[in-house]
Amino acid sequence: MKGGFFMKMSKMYIPTLKETPADAEIVSHQLMLRAGLMRKLTSGIYTYLPLGYNVIRKFEQIVREEMNRAGAQELLMPALQPAALWKESKRFDDYGPELMKLKDRHNRDFCLGPTHEEVVTDLVRDEIRSYKDLPLNLYQIQTKYRDEIRPRFGVLRGREFIMKDAYSFDRDQAGLDQSYQKMYDAYCKIYDRCGLKYRTILADSGPIGGDNSHEFMVLAEVGEDTIVYCDSCDYAANLDLAESVLDLKEETAGDAELSAVSTPAAKTIDQVAEFLELEIKQIVKSVLYETQRGEIVLALIRGDYEVNEVKLANLLGVVNLELAGDQVYEELNTVKGFTGPVNIGEVKIIADHSVSKIVDGVIGANEADQHFIHFNFSRDLDLEETFDIRKVKEGEECVHCGGKLKFAEGIEVGQIFKLGTKYSEVFNATYLDEDGKSQMMEMGCYGIGITRTIAAAIEQNYDEYGIKWPLALAPYQVHLLQLGESEEVIAKTEDLYKQLNNEGIEVLLDDRNERAGVKFNDADLIGCPIRITIGERSLSAGKLEVKYRQTGKEFTISTGDETAKIKELLADLS
RNA sequence: CGGAGCGUGGCGCAGUUUGGUAGCGCACCUGCUUUGGGAGCAGGGGGUCGAAGGUUCAAAUCCUUUCGCUCCGACCA
């Protein structure tokens with residue numbers, strides 16, 4: 001790289017590890033430590049070493065280019081922020097214990113910013129007065145803080161991490177829609193350029209607020225969310241929100257009356273089905289929940305499905321939902337494992353669509369060791385409608401195209417929100433329109449986790465020997481190995497090193513006095529896309545050896561025009 | 001915050017049950033040999049055994065307190 005990066009390994013600080021550090025659980029964490037990209041300072045907080053910082057800069061540069069191209073402007077806001085601002089938006093308390101709080105010597109409250117809506121809105125409200133100044137999109141790449149309850153997975157869930165965050169300000173919703181779409185497109189370009197396999201999903205907007213949001217999820221073997229995606233269309237959703245086609249059969253109504261049967265010790269769906277020799281599908285699962293407001297809700301779902309608590313909570317308009325405690329069962333005069341919707345006390349009943357057609361089902365009788373059989377949903381219950389509170393299962397049908405739904409773990413690497421006027425109202429961020437009337441700005445906010453995207457890239461690109469960087473993120477494009485100390489080898493290596501440098505190709509030169517095996521293994525571990533080996537063996541035949549890290553393909557090229565050839569190879573890779 | 005586990009040289013670990021001069025592998029330094037997939041031999045440096053207090057003639061080891069780290073869960077996104 002032109003511009004003064006150290007590139008000779010004999011002089012560089014690249015502490016690779018032969019052994020896997022004991023406390024690193026997932027591959028990206030292990031490899032980031034082993035390849036000498038970073039070191040842990042304390043739980044959830046890392047130092048980025050020269051090689052790791054190179055990768056960070058590579059990704060940041062891609063982000064900058066696409067953000068600038070989309071019309072956003074870079075600035076840098078403080079990480080240390082006065083609590084007063086956060087009290088103005090009520091988030092000093094509402095954000096919860098994840099907000100890293102501290103005091104200065106005068107005992108004034110401060111916090112370390114996990115995000116910058118407050119700061120940026122405060123800035124803009126003072127400076128932007130006219131519709132002529134809109135739209136505006138400001139972004140920064142900065143260190144953020146979140147006092148995680150449990151940091152884990154290396155850089156995937158840290159307490160200090162690097163984020164790109166952008167904030168858009170528009171005159172109206174139509175403008176916001178445009179700004180949002182621009183960011184959506186820019187994000188796609190960014191992740192495409194990194195060669196990442198990702199999906200966008202509709203998401204809950206969480207504590208940041210607003211009513212419209214997409215998450216960009218990198219699909220991997222490990223992740224924090226289960227992503228449901230369709231194998232034949234673009235549909236993808238968080239498992240919490242995913243929908244699928246419900247396989248409902250019209251059943252012919254039996255006219256048998258609801259009647260109690262003894263089902264001793266049959267508490268689970270499986271036990272009841274086995275005891276009565278019925279299909280699981282005929283049994284109605286009844287689950288009691290208690291909301292944070294103390295409301296008791298009985299959820300009904302077909303025996304072969306699970307209740308999706310997020311869907312249920314959203315339906316009820318609550319944030320928190322818990323399985324009811326023993327006390328609730330006592331109050332309702334029912335028994336755990338034998339709960340049912342008929343003859344239960346005063347509770348709200350929410351039924352899933354899956355039970356709506358049941359005509360000869362089984363429900364709990366609210367008495368120990370008793371169930372009712374011949375349960376007919378429409379006859380025996382007086383419910384106006386049924387809802388979707390069902391957890392999707394892998395292999396079910398896509399609601400959009402009929403394709404098959406698959407599950408993957410996902411790492412959230414970006415999220416975009418339409419905030420609307422939530423913050424402009426709080427901070428009174430207004431402008432004057434053409435008629436001289438004061439109007440609220442419509443805001444959007446857009447985040448990319450820089451450090452976690454790098455971890456996600458590794459999760460998608462590694463083998464048993466180490467990292468296989470996509471060209472766009474590689475700390476160096478070419479890893480040049482000098483094997484042996486003969487004059488010819490040294491001279492050729494120096495020569496090629498200089499030529500590549502002059503061409504602006506980023507080359508890492510392994511000129512260390514190490515054995516070949518050490519160099520090969522470190523090269524595999526560090527994972528630069530192209531490895532060039534210069535050794536007497538092939539140099540005497542006028543050849544250099546090339547190996548692609550990604551595919552493992554090996555071949556030789558002739559000396560003489562090797563620089564031009566290497567440029568071609570790189571062009572082919574990108 | 002609940003459950004589990006771990007803190008011994010830079011890294012990975014043994015030693016703790018049963019108290020008795022702190023050890024192994026890797027890494028590091030010196031020399032010789034070696035040199036295309038993590039070399040061999042010889043010599044060498046480096047550790048308040050996480051911290052504090054206690055018991056004991058004697059503590060890495062037993063007791064108390066405390067700090068840190070990791071995993072599972074709750075939580076968060």
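Numbered from 1 within each chain, the chains take letters A, B, ... in sequence-line order.
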Taking the side chain of [X] as its heavy atoms from C-beta onward, which of [options] lies nearest to it?
{"X": "A:Asp225", "options": "B:A77, B:G36, B:G38", "answer": "B:A77"}
{"X": "A:Glu19", "options": "B:G38, B:C11, B:C76", "answer": "B:C11"}
{"X": "A:Arg152", "options": "B:G38, B:G36, B:C72", "answer": "B:C72"}
{"X": "A:Lys18", "options": "B:C71, B:G36, B:G38", "answer": "B:G38"}
{"X": "A:Arg157", "options": "B:A77, B:G37, B:C76", "answer": "B:C76"}

SB check A:Lys40 A:Asp23 (cutoff 4.0 Å) | yes
Select base, sugar-phosphate, or nothing to describe what [X] touches, counting heavy atoms under 4.0 Å on all strands.
{"X": "A:Glu536", "answer": "base"}
{"X": "A:Arg531", "answer": "base"}
{"X": "A:Asn521", "answer": "base"}
{"X": "A:Glu98", "answer": "sugar-phosphate"}

Counting N and O atoms only, with roles assigned by atom type, does the side chain of A:Arg159 sit under 3.5 Å from a partner on the main chain of A:Thr42, one being a donor and the other an acceptor?
-> no
Can A:Lys87 be said to sit on top of A:Phe92's aromatic six-ring, NZ or CZ under 6.0 Å from centre and within 45° of the ring axis?
-> yes
May I ask you to check if A:Lys468 and A:Tyr462 form a cation-pi contact, with NZ or CZ under 6.0 angstrom from the six-membered ring centre and within 45° of the axis?
-> no
Both distances under 3.5 Å, Watson-Crick or G-U wobble: report the partner of [N], or none.
{"N": "B:G37", "value": "none"}
{"N": "B:G43", "value": "B:C29"}
{"N": "B:G5", "value": "B:C69"}
{"N": "B:G12", "value": "B:C24"}

Taking only side-chain nitrogens and oxygens of [X], does any of them come within less than 4.0 Å of OP1 or OP2 of [N]?
{"X": "A:Arg150", "N": "B:C72", "value": "yes"}
{"X": "A:Lys40", "N": "B:U70", "value": "yes"}
{"X": "A:Thr42", "N": "B:C69", "value": "yes"}
{"X": "A:Arg515", "N": "B:G38", "value": "no"}
{"X": "A:Ser538", "N": "B:G36", "value": "no"}

Taking the [atom1] atom in each of [N] and [M], what is the distance between them to the nearest angstrom?
{"N": "B:C63", "M": "B:G68", "atom1": "P", "value": "22 Å"}
{"N": "B:A74", "M": "B:A4", "atom1": "C1'", "value": "15 Å"}
{"N": "B:U66", "M": "B:G7", "atom1": "C1'", "value": "14 Å"}

Which word best sums up how the rings of A:Tyr180 and A:His214 line up, parallel for under 30°, tilted for 30 to 60°, or perpendicular for over 60°?
-> tilted
Classify the side-chain pair A:Tyr446/A:Asp165 by whether it contains a donor and acceptor separated by less than 3.5 Å.
-> no
For A:Tyr548, what residues pass the ring pair (Phe, Tyr, Trp, His ring centres under 6.0 Å) criterion, not counting sequence neighbours?
-> A:Phe555
Kindly state whether the ring of A:Tyr184 and the ring of A:Phe216 have centres lying under 6.0 angstrom apart.
-> yes
Do any N or O atoms of the protein come closer than 3.5 Å to N or O atoms of nucleotides 29-33 of chain B, and which pairs are they?
none

